Amino acid sequence: MSKKIFSGVQPTGNLHLGNYLGAIKNFVDLNNDDENECIFCVVDLHAITTKQDKEQLRNNIRETAATFIASGIDPSKSIIFNQSKVHAHSEGSWMLSCMAPMGWLNRMTQFKEKAGKDKEKASVGLYIYPILMASDILLYDATHVPVGEDQKQHLELTRDIAQKFNKDFNCADFLKVPEPLIKKDFSRIMSLKDGLKKMSKSDPSDLSRINLTDTKDEITNKIKKAKTDSFPISNEKNKLKDRPEAENLLGIYSSISNQTLDKTLEEFDGKNFSDLKSQLAEILSSKISPISDEIKKLINEHKYLDELLEQGASKAEEIAGKKINEMKKIIGF
Ligand code: TYM
C-alpha cells in the first residue's frame, strides 16, 4: 500500500547518530520504496523555540538539507523544504492551538525536560511546539510519520488533535489520523557517556555523541572513550536491563549492521568491551564517514541547496495551501 510519509528534523546543529539511527536511516528506506510519497521538512520554526544565532541558523538549515541528501534521500523522489517557507504551517498551528486543551499539552514530558526547573522562563513557543508539529503532519494528510521514540507522545497528541478537530467541526476524516513509524528496537540511542540519558545535540560533552560530521578518528576516539562496565559481554538479553551502557553499544552495533540484538549478542558472547569497541568503531566509520564527507562537500553548495529548498517549498505550498484553505472554510472564515 502506498504511504504518505512526513517527518521533520530541527536545524539546531550537531545532527548525530541518534537522529540517524532513530529517524533519518528510516527516511532513506521509506524513500527508496517507489510506492511512497515522502516529504522531509527542515523544521526551522521549531528551532526558534530556543534562542538561535542568525548566521548559524541559516547554515544549520542548509546543513540539515545536506544531511538528508548525504544520508541517501533522493531529492528527485521526495519533497525537501524548510518549514518557514510555507505559511500554512504557522496558520494551521494557530487554528489547532485554539482547539487543543491545555491539559493535553501539560502532559508533554519533552517540554518538562527541555524547560527544566525554571518553566516560567521557557518560551511559549516551546510549550506549544507539539501543536506546530501536529500542523506539519496534518496539512499533508500524512499516513505515516517515521520518528525516534522520543517523539511518540507528540504523535499521540497529533492523533488526538486530528480526531478532536474532526469531531468539533463535524467533518469526519477531514484531518487524517497518522500512524507513527517507530522502530521496535533501537529507536532511542543513548549518550556514550551515560546509558540512561538520550544522545542529544544539546549535551555539552561532544564525547557523548557521534556527530554525522565526525571524522573516522573522532568516531574511533569517541567509541574508545565510551562508558562501559567491568563485566564481559554475555548473551543473556534480560541481564542487559541493568547494564544500560552495554545495552546501548550493542544496540548501536546491531542497528548500524542491520542485524538483531540476538545475533549481536551471539557474536560477542564472552568477549570484552575492547572487542566490541574496535568492531563498532570500524563499522561506524565505514557507514558514517562517507555521509560526513558528503555533508562537508554539499554544505558549500549554497546555490544548489537553496534552490532545492525553494523548489521543495513551492511543491509543499501547493499541498498545504489547499488543505489550509479547506480548514478555514470548515472553521467559518
Ligand atoms: P528532532 O530534531 O529533535 O530529532 C529529529 C529526529 O531524530 C530522532 N532522535 C532520536 N532517535 C533516537 N535516539 C535519539 N537519541 C534521538 N534523538 C533524536 C527524533 O525522534 C526525530 O525523529 N519535533 C521533532 C521534529 C518535528 C517533526 C515534525 C517530526 C517537527 N515537526 C513532524 C515528525 C513530524 C524534533 O524536534 O525532532
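For the single chain, residues carry numbers from 1 onward in sequence order. Fair warning: this is a prediction, and the values are worked out from it, not measured in the lab. Counting convention: from 1, in listed order, for ligands and their atoms alike.
- Residue contact check for ligand 1: Phe186 places no non-hydrogen atom closer than 4.0 Å to it.
- When the options Ser255, Ser187, Ser254 are evaluated for a side chain to side chain contact (heavy atoms under 4.5 Å, CB included) with Leu21, the one that passes is Ser255.
- In this structure, His16 has a heavy atom closer than 4.0 Å to ligand 1.
- When the heavy atoms of Asp150, Val147, Leu45 are ranked by distance to atom 20 (O) of ligand 1, first place goes to Asp150.
- In this structure, Asp203 does not pair ionically with Arg209, as no charged nitrogen and carboxylate oxygen lie closer than 4.0 Å.
- Close approach of ligand 1 to Gln10 is summarised as follows: ligand atoms under 4.0 Å from at least one heavy atom of the residue are 2 (O), 35 (C), 36 (O).
- Heavy-atom contacts of Ala23 reach the following atoms of ligand 1: 6 (C), 7 (O), 22 (O) (cutoff under 4.0 Å).
- Contact between Asp141 and Lys4 at its shortest, heavy atoms only, is O-CD, 3.5 Å.
- For ligand 1 and Lys201, the ligand atoms under 4.0 Å from any heavy atom of the residue are 2 (O).
- The distance from the CG atom of Asp214 to the CD1 atom of Ile291 is 12.0 Å, given to the nearest 0.5 Å.
- Side-chain rings of Phe268 and Tyr253 approach one another, their centers coming within less than 6.0 Å.
- Residue Ser7 places no N or O, backbone or side chain, under 3.5 Å from any N or O of ligand 1.
- The option with the heavy atom closest to atom 30 (C) of ligand 1, from among Lys183, His154, His46, Arg188, is His46.
- Of the N or O atoms in Val9, none lie within a sub-3.5 Å distance of an N or O in ligand 1.
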Salt bridge (Lys or Arg N to Asp or Glu O under 4.0 Å) between Lys3 and Glu35: does it pass, once the steps are laid out?
CA-CA 7 Å; Lys3 298 186 181 104; Glu35 291 267 294; over 6 Å; no
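- Here Ile137 has side-chain heavy atoms under 4.0 Å from ligand 1, and that is the only part of it that gets that close.
- Aromatic ring centroids of Phe111 and His154 lie 6.0 Å or more apart.
- A salt bridge between Glu149 and Lys152 is absent, with no side-chain N of the basic residue lying under 4.0 Å from a carboxylate O of the acidic one.
- Looking at Ser200 against ligand 1, nothing comes within 4.0 Å, counting heavy atoms.
- Residue Lys198 has at least one heavy-atom neighbour below 4.0 Å for each of these atoms of ligand 1: 15 (N).
- For a threshold of 3.5 Å applied to N or O pairs, the pair formed by Glu149 and ligand 1 contains no separation below that value.
- Nearest residue to atom 14 (C) of ligand 1 from Ser135, Pro11, Ala142, Gly18 is Gly18 (criterion: closest heavy atom).
- Polar contact with ligand 1: absent for Gln110 (N/O pair, distance under 3.5 Å).
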Take Lys54 and Asn59 through the test side chain to side chain donor-acceptor pair (under 3.5 Å) and record every step on the way to the result.
CA-CA 9 Å; Lys54 188 169 150 184; Asn59 284 335; over 6 Å; no
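- Side-chain contact between Phe169 and Met99 is present, with heavy atoms from C-beta onward closer than 4.5 Å.
- For ligand 1, one of its N or O atoms has an N or O atom of Met199 under 3.5 Å away.
- Distances between N or O atoms of Lys114 and those of ligand 1 include no value under 3.5 Å.
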